[in-house]
Participant: 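I'd like to ask some things about the structure below.
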Amino acid sequence: MLVVMKKGSTKEDLTGVLHKITQSGLNGHVSQGVERTVIGVVGQTYPELRDILEFLPGVEEVIPISKPYKLSSREVQHENTRIKVGDVVIGGDELVVIAGPCAVETENQVLATAKMVKEAGASILRGGAFKPSTSPYQFRGLGKEGLEILALARAETGLPLITEVLTPHDVELVARYADILQIGARNMQNFTLLDEVGKTKKPVMLKRGMSATIQEWLLSAEYILSQGNRQVMLCERGIRTFETYTRNTLDISAIPVVKKLSHLPVIADPSHGTGKWYLVTPLALAAVAAGADGLMIEVHPNPDQALKDGAQSLTFDSFQQLMTQLAPVVSSVQRKLPAKPGDEVDK
Ligand code: PEP
Ligand code: MN
């Protein structure tokens with residue numbers, strides 16, 4: 001349920017309500033909006049609680065939340081969540097482009113890619129050091145060495161890093177290097193992992209499970225949020241359908257649906273969403289037109305030689321073309337692309 005505080009209610013009123021909520025064995029999550037302060041009450045609530053809370057000083061009204069997910073819901077927080085990573089704001093006016101290789105392979109590969117994507121206008125570097133693999137015989141990542149290569153690329157370019165964490169055990173290590181923790185599609189319902197990243201202070205990007213409904217996806221986000229970590233973004237990366245031509249079916253409709261149901265930023269990943277490099281640009285444009293707050297794009301200096309996901313990776317040239325083609329679509333949805341290094345800044 002949702003406790004809406006009166007305009008002009010005091011700090012003591014808020015403390016009193018939070019105290020009552022805790023006394024009842026529940027958790028209260030305060031959301032200080034421009035218009036009003038609301039408290040999301042999370043846990044096993046009971047009908048009498050509504051009356052109890054409604055009579056406390058400073059309370060305007062108590063509204064039951066109709067959705068099973070609470071903290072991720074627009075009912076609890078009307079304003080969009082904005083996540084700040086260094087100078088980059090995810091969920092704001094600027095479209096955020098996350099780019100880099102599927103997997104960290106060598107120092108040269110990551111450094112060359114990082115420099116190029118930065119030049120072309122990307123604002124966050126991606127790269128997997130711990131890779132989930134359908135087959136145990138595929139490349140599974142360089143582990144800690146991969147994290148060190150990513151950190152070097154951040155030092156050289158200033159780009160913040162996003163990288164995947166596969167197990168609860170690795171969260172502490174990966175969080176020491178990463179600016180954003182990625183939870184992969186295969187781990188969307190790994191609840192102990194979600195709890196663990198929820199206990200960190202790092203932003204988390206939660207990818208949609210390949211067979212997950214939107215509700216299941218938002219409930220997974222709820223695991224992270226309810227641990228106290230409010231910096232969660234969602235990533236639509238394609239779902240399993242009967243179609244075999246594409247690797248997955250990028251669910252473009254999920255983007256406006258999630259934006260309607262939730263205040264969390266939504267990133268689209270047309271690389272995993274299609275599995276084919278020549279479909280990445282058209283689907284990236286579609287995702288931005290549909291309201292995505294950002295894109296995640298796989299880029300490799302030589303996709304034919306990539307150890308993972310070469311078929312869906314853009315070359316440097318095709319990534320630059322994508323960035324050029326994005327400009328008119330971005331402005332048609334009243335967004336901006338961040339200034340590129342060397343761009344004229346308005347005085
Ligand atoms: C990835 O981003 O490299 C990845 C493994 O993605 P997903 O979890 O969506 O398959
Ligand atoms: Mn990949």
Side-chain angles (χ1 to χ4, degrees), residues 83 88-102 113-114 116-128 159-160 162 180 182 184-185 205-208 210 233-239 241 243 245-259 264-301 303 306 308-340:
I83 301 171
V88 184
V89 177
I90 302 152
D93 299 335
E94 288 186 347
L95 183 87
V96 173
V97 178
I98 304 168
C102 177
T113 311
M116 189 286 296
V117 298
K118 181 178 178 174
E119 279 296 306
S123 30
I124 298 173
L125 177 67
R126 65 148 287 146
L159 290 177
I162 178 167
I180 306 173
Q182 175 171 321
M205 187 179 83
L206 177 66
K207 293 191 117 185
R208 181 179 183 182
M210 55 188 88
M233 64 199 94
L234 300 162
C235 176
E236 164 57 44
R237 49 77 73 201
I239 49 173
T241 67
E243 184 53 71
Y245 185 84
T246 42
R247 179 179 178 181
N248 291 291
T249 297
L250 189 71
D251 184 3
I252 297 282
S253 65
I255 299 165
V257 170
V258 171
K259 296 294 295 179
L264 300 175
V266 181
I267 309 294
D269 171 357
S271 305
H272 295 87
T274 63
K276 291 185 157 71
W277 71 268
Y278 58 88
L279 296 177
V280 170
T281 293
L283 272 292
L285 300 178
V288 172
D293 296 291
L295 294 169
M296 176 176 254
I297 309 286
E298 287 189 340
V299 182
H300 195 283
K308 263 189 112 59
D309 288 352
Q312 68 193 34
S313 298
L314 296 188
T315 59
F316 291 3
D317 279 352
S318 44
F319 181 70
Q320 270 155 355
Q321 282 164 25
L322 161 64
M323 294 304 287
T324 309
Q325 282 181 257
L326 269 178
V329 180
V330 170
S331 52
S332 76
V333 289
Q334 282 76 53
R335 284 202 177 210
K336 289 181 279 185
L337 277 170
K340 283 192 281 187

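It should be emphasised that the depicted structure is a prediction, and the values quoted were computed from it without experimental measurement. Excluded from the calculations below are hydrogen atoms, water molecules and symmetry mates; all remaining heavy atoms, backbone and side chain alike, are included.
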Participant: Donor-acceptor pair, distance only, cut-off 3.5 Å: does the side chain of T246 make one with the backbone of T249?
Facilitator: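 No: the side chain of T246 does not pair with the backbone of T249.
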Participant: Would you indicate whether the side-chain heavy atoms of D269 and I98 approach each other to under 4.5 Å?
Facilitator: no
Participant: So, taking the atom named CG in L206 and the one named CD in Q182, what distance separates them when rounded to the nearest 0.5 Å?
Facilitator: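 Those atoms lie 10.0 Å apart.
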Participant: Quick one, M205 and I180 - any side-chain contact, counting heavy atoms below 4.5 Å?
Facilitator: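 Heavy-atom side-chain distance check passes, below 4.5 Å.
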Participant: Give a yes or no on whether a salt bridge exists between K308 and E298, defined as a side-chain N under 4.0 angstrom from a carboxylate O.
Facilitator: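 A salt bridge is absent here (no side-chain N lies under 4.0 Å from a carboxylate O).
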Participant: How many angstroms lie between atom CG of L234 and atom NZ of K259, to the nearest 0.5 angstrom?
Facilitator: 9.5 Å
Participant: Quick one: CG on L279 to CG on L250, what's the gap to the nearest 0.5 Å?
Facilitator: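 Rounded to the nearest 0.5 Å, the CG-CG separation comes out at 10.5 Å.
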Participant: Just how far is it from atom NE2 of H272 to atom SG of C102, taken to the nearest 0.5 Å?
Facilitator: 4.5 Å
Participant: Ignoring hydrogens, what is the shortest heavy-atom contact between S123 and V96? Give both atom names and the distance.
Facilitator: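 In terms of heavy atoms, the two residues are closest at OG-CG1, 3.9 Å.
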Participant: Taking K276 for its side chain and Y245 for its backbone only, find out whether a donor-acceptor pair lies under 3.5 Å.
Facilitator: yes
Participant: Quick one, I124 and V88 - any side-chain contact, counting heavy atoms below 4.5 Å?
Facilitator: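 In contact.
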Participant: Can you tell if the side chain of K118 reaches within under 4.5 Å of the side chain of K340, non-hydrogen atoms only?
Facilitator: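 They are not in side-chain contact.
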Participant: Stepwise, does the side-chain contact (heavy atoms from CB on, under 4.5 Å) test hold for L95 with V288?
Facilitator: CA-CA 8 Å; L95 183 87; V288 172; 3.8 Å; yes
Participant: How close do I255 and A268 get, counting heavy atoms only, and between which atoms?
Facilitator: CD1-CB, 4.1 Å
Participant: Is a donor from one side chain sitting under 3.5 angstrom from an acceptor on the other, for D251 and S253?
Facilitator: yes
Participant: Do the side chains of T274 and N248 get nearer than 4.5 Å, heavy atoms only?
Facilitator: no
Participant: Any Lys/Arg nitrogen of R208 or E236 sitting under 4.0 Å from an Asp/Glu carboxylate oxygen of the other?
Facilitator: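 Between E236 and R208 there is a salt bridge, with a charged N closer than 4.0 Å to a carboxylate O.
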Participant: Stepwise, does the side-chain contact (heavy atoms from CB on, under 4.5 Å) test hold for M296 with K207?
Facilitator: CA-CA 11 Å; M296 176 176 254; K207 293 191 117 185; 4.2 Å; yes
Participant: Indicate the atoms forming the closest heavy-atom contact of A327 with L337, along with that distance.
Facilitator: CA-CD1, 3.9 Å
Participant: Quick one: closest heavy-atom pair of R335 and G92, and the distance?
Facilitator: NH1-O, 3.6 Å
Participant: Going by heavy atoms in the side chains, are F316 and T113 under 4.5 Å from each other?
Facilitator: yes
Participant: Contact between M233 and L264 at the side-chain level, heavy atoms closer than 4.5 Å - yes or no?
Facilitator: no
Participant: Nearest 0.5 Å, what's the CE-OG distance between M323 and S318?
Facilitator: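 One finds 13.0 Å between CE of M323 and OG of S318.
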Participant: Taking V266's backbone N and O only, do any of them form a donor-acceptor pair with D293's side chain (distance below 3.5 Å, no angle check)?
Facilitator: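 Yes; at least one donor-acceptor contact below 3.5 Å.
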Participant: Identify the two heavy atoms, one from A290 and one from I252, that lie closest to each other, and give their separation to 0.1 Å.
Facilitator: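 Minimum heavy-atom separation between A290 and I252: CB-CG2, 3.7 Å.
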Participant: Can you check side-chain contact (heavy atoms from CB on, under 4.5 Å) on L326 and V97, steps first, answer last?
Facilitator: CA-CA 10 Å; L326 269 178; V97 178; 4.3 Å; yes
Participant: Can you name the nearest heavy-atom pair linking W277 to S313, along with the distance?
Facilitator: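 Here W277 and S313 meet closest at CB-O, 3.6 Å.
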Participant: Can you measure from OG1 (T315) to CG (D317) and round to the nearest 0.5 angstrom?
Facilitator: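 The distance works out to 5.0 Å.
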Participant: Side chains of H300 and D309 only: does a donor on one sit below 3.5 Å from an acceptor on the other?
Facilitator: no
Participant: Less than 4.5 Å apart, any side-chain heavy atom of L322 and any of T324?
Facilitator: no
